[in-house]
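Structure first, commentary second.
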Amino acid sequence: MISTVATTPFGDQKPGTSGLRKKVPVFQQPNYAENFIQSIFDSLENFNGETLVIGGDGRFYNREVIQKAIKMAAANGFGKVLVGKGGILSTPAASHVIRKYKAFGGIILSASHNPGGPTEDFGIKYNIGNGGPAPEKITDAIFARSKVIDTYKIVDATDLDLDVIGSVTVEGMAVEVIDPVADYAALMEELFDFGAIRNLFGLGFRMVFDAMSAVTGPYAKEIIERRLGAPEGTVRNFIPLPDFGGHHPDPNLVHAKQLYDEMMAGDAAPDFGAASDGDGDRNLIIGKGIFVTPSDSLAILAANADLAPGYAGGIAGIARSMPTSAAADRVAEKLGIGMYETPTGWKFFGNLLDAGKVTICGEESAGTGSNHVREKDGLWAVLLWLNILAVRGENVLDIVTQHWATYGRNYYSRHDYEEVDSDAANGLIAALRAKLESLPGTKIGDLTVTAADDFAYHDPVDQSVSKNQGIRILFEGGSRIVFRLSGTGTSGATLRVYIERYEPDASRHDLETQAALSDLIATAESIADIRVRTGRDAPSVIT
Ligand code: G16
């Protein structure tokens, strides 16, 4: 039986960079999740009888919200739900399932790399039929609806057993519980030379993959150990836990420090280290003795993509988010293909991918992906690296240093100031905005400002315009500082300062990154008054 339940709006259901993210107790308030899900459905049209994909990263509260979402999908007229066994679907796997089964869209439950547990983070986002995150037009409509919603629809039914593969019916709607790994693993096998990678492991190549007790565990076990023949134990922390074992499932040098330390252990280190995040869309790549920044990784993957069967014909173009370093731009220039600079947020790549303008996309925030799905894809990046290593027969260090020798090196770092007072953070950005016009031509130390603006993106496909996407200060010689506020935090504000310096001279490619950027770091402080405005002496996280 379908119930129409009376509710009142919550004022805080504005989707951020990637869906709605809040603390679990916020989502546990009566009607909170229901209101948001109904607001999604109310913002969509013509889905009667269509298929909806539902899955999540297995974090605390995942199963409860999946039950609600299924019952609400049935009450709202969907014809079928595809749900991952155990409620599990990595974000890229969900994107693939939406595309493969021509679903109307999907609901993905995740707060990505944020911690999980009863007092930690949870999230809901909607993906459209191309498999990608809903564009701003839809997220704006969802927010508008959430502010006036007064009822939601749900069927009165007992909870479904999500742990048995097969089909059941809820109020006339079919629910198919699917293997979350099978379709995705088959897609990876189409894109990459599994034979060459298997041979590499056969030669004794040693790899460590840290699934961080998050969603990629089952995927990595199946693909890296079973299908590619890496020894058992290659994939670590492979059981998805609701609280990620108490860690942040964020594959960066802070939260994957153990892996980093192991990779820096000289000759004893494995040949290749990698990790992915809570929902499987981010990646960390470390070679023996060398961390590869996400921006460099994007450039190197783009430059070598044609070594993998799925990209053998070459790539059409590259897109990167604005704060991502310009390393990939130099690759696009050399290949003579298009290069696009978008705001932060994977949703901005969707149109470019759909229009065939780009094949590979990436972000400084550890995301890389291609036109195989419409999300960034952590394991995809790891497998493309493995494919390149297998074909080139060289190690990561050699590949990276040769890349720098060819294209120059973009020294790059991001300094995050987390949980800063929101008014202070907004004040800092407003003060920068007010200074923008006066900055070009000024000299700060040895650096001369050539341009300064608040980044605005004009989508070349649908002509939409997204303003206020980050303050850019550009210097002579290709150096740059970018300031923006994160759109994924759940408490206070996170100020991100992105610092980049281009160094064409190969004899100067072995500097320590923070040292190579020290004058720019000091300049960022003097332009933005970070210490005074935030009350912080140092960033909380440096990546
Ligand atoms: C999300 C988005 C990415 C974005 C990242 C960081 O990633 O999908 O496009 O780069 O957040 O965004 P912000 O700088 O606003 O915090 P994820 O992995 O959290 O879904």
Side-chain angles (χ1 to χ4, degrees), residues 14-22 56-57 59 90-92 94-95 108-116 120-127 131-136 139 212 214-216 244 248-252 255 275-284 293-295 298 319-325 341-350 352-353 361-369 373-381 414-420 425 429 455 457 466 468-471 482-498 539-541 543:
K14 184 172 172 47
T17 308
S18 185
L20 182 69
R21 291 189 190 167
K22 300 282 176 197
D57 62 11
R59 69 178 56 226
S90 78
T91 293
S95 182
I108 303 180
L109 308 175
S110 168
S112 190
H113 53 290
N114 297 8
E120 297 294 356
D121 293 2
F122 190 77
I124 304 181
K125 72 170 179 166
Y126 178 69
N127 280 30
E136 277 185 332
T139 54
M212 304 190 90
V215 81
T216 48
F244 308 115
H248 278 239
D250 191 353
N252 64 23
H255 298 299
S276 189
D277 70 331
D279 62 333
D281 57 4
R282 297 186 174 206
N283 70 85
L284 170 70
T293 69
S295 295
L298 168 66
R320 64 164 171 83
S321 66
M322 181 274 281
T324 305
S325 98
E341 188 176 32
T342 60
T344 294
W346 203 264
K347 57 185 175 230
F348 293 103
F349 295 137
L352 298 171
L353 289 163
C361 309
E363 296 188 277
E364 51 67 38
S365 57
T368 340
V373 289
R374 292 295 182 272
E375 288 278 3
K376 54 191 190 273
D377 188 344
L379 266 172
W380 171 90
R414 187 176 95 187
H415 290 198
D416 290 338
Y417 297 78
E418 293 176 339
E419 297 190 28
V420 170
I429 295 290
F455 181 63
Y457 178 60
S466 305
N468 302 331
Q469 298 293 329
I471 305 290
V482 173
F483 299 88
R484 65 177 278 281
L485 301 182
S486 159
T488 55
T490 55
S491 46
T494 293
L495 169 68
R496 302 204 195 283
V497 186
Y498 311 80
S540 348
V541 179
T543 47

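Keep in mind that this is a model prediction, so the values were computed, not measured. In what follows, every heavy atom counts, from backbone to side chain, and hydrogens, waters and symmetry copies are set aside. Every number for a ligand or one of its atoms is a count from 1 in the order of the listing.
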Residue list, ring-ring contact (aromatic ring centres under 6.0 Å, His included) with H415, at least two apart or on another chain:
none
Under 4.0 Å from ligand 1, counting heavy atoms only, is it the side chain of [X], its backbone, both or neither?
| X | answer |
| --- | --- |
| K347 | neither |
| D279 | neither |
| T488 | both |
| S486 | both |

Going by heavy atoms in the side chains, are [X] and [Y] under 4.5 Å from each other?
| X | Y | result |
| --- | --- | --- |
| T293 | S325 | no |
| F348 | S466 | yes |
| P15 | K125 | no |
| E375 | P133 | yes |
| P323 | T344 | yes |
| D277 | H255 | no |

Students should be able to answer this: which protein heavy-atom is nearest to [atom], and at what distance?
| atom | value |
| --- | --- |
| atom 14 (O) of ligand 1 | R484 NH1, 2.6 Å |
| atom 3 (C) of ligand 1 | E363 OE1, 3.1 Å |
| atom 5 (C) of ligand 1 | R282 NH2, 3.5 Å |
| atom 10 (O) of ligand 1 | S365 OG, 2.7 Å |
| atom 17 (P) of ligand 1 | S112 OG, 3.1 Å |

Number the atoms of ligand 1 from 1 as they appear, then name those within less than 4.0 Å of a heavy atom of [X], with their elements.
| X | result |
| --- | --- |
| D281 | 18 (O), 20 (O) |
| G345 | 9 (O) |
| G487 | 13 (P), 15 (O), 16 (O) |

Close approach, [X] and ligand 1, non-hydrogen under 4.0 angstrom:
| X | value |
| --- | --- |
| S321 | no |
| E364 | no |
| R21 | yes |
| K376 | yes |

For R496 and E364, what are the C-alpha separation, side-chain angles and deciding distance, and is it a salt bridge (charged side-chain N to carboxylate O under 4.0 Å, His left out)?
CA-CA 11 Å; R496 302 204 195 283; E364 51 67 38; 5.6 Å; no
Counting heavy atoms only, name the option from H113, R414, K125 that's nearest to atom 19 (O) of ligand 1.
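Minimum heavy-atom distance to atom 19 (O) of ligand 1 goes to H113.
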With sequence neighbours excluded, tell me which residues meet salt bridge (Lys or Arg N to Asp or Glu O under 4.0 Å) with E363.
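Partners of E363 by the salt bridge (Lys or Arg N to Asp or Glu O under 4.0 Å) criterion come out as none, since no residue qualifies.
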Say whether, by atom type as modelled, one donor and one acceptor occur between the side chain of R59 and the main chain of D121 under 3.5 angstrom.
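Looks like yes, one N/O pair under 3.5 Å.
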Any nitrogen or oxygen of R496, main chain or side chain, under 3.5 Å from a nitrogen or oxygen of ligand 1?
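Between R496 and ligand 1 (N or O atoms, distance only) the closest approach is under 3.5 Å.
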Any nitrogen or oxygen of L485 lying under 3.5 Å from a nitrogen or oxygen in ligand 1? Just yes or no.
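No, L485 has no N/O under 3.5 Å of an N/O on ligand 1.
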Verdict with supporting geometry, T368 and N283, side chain to side chain donor-acceptor pair (under 3.5 Å):
CA-CA 8 Å; T368 340; N283 70 85; 2.9 Å; yes
Name the residue from T17, D279, D250 that meets the side-chain hydrogen bond (donor to acceptor under 3.5 Å, both in side chains) definition with S112.
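The passing option is D279.
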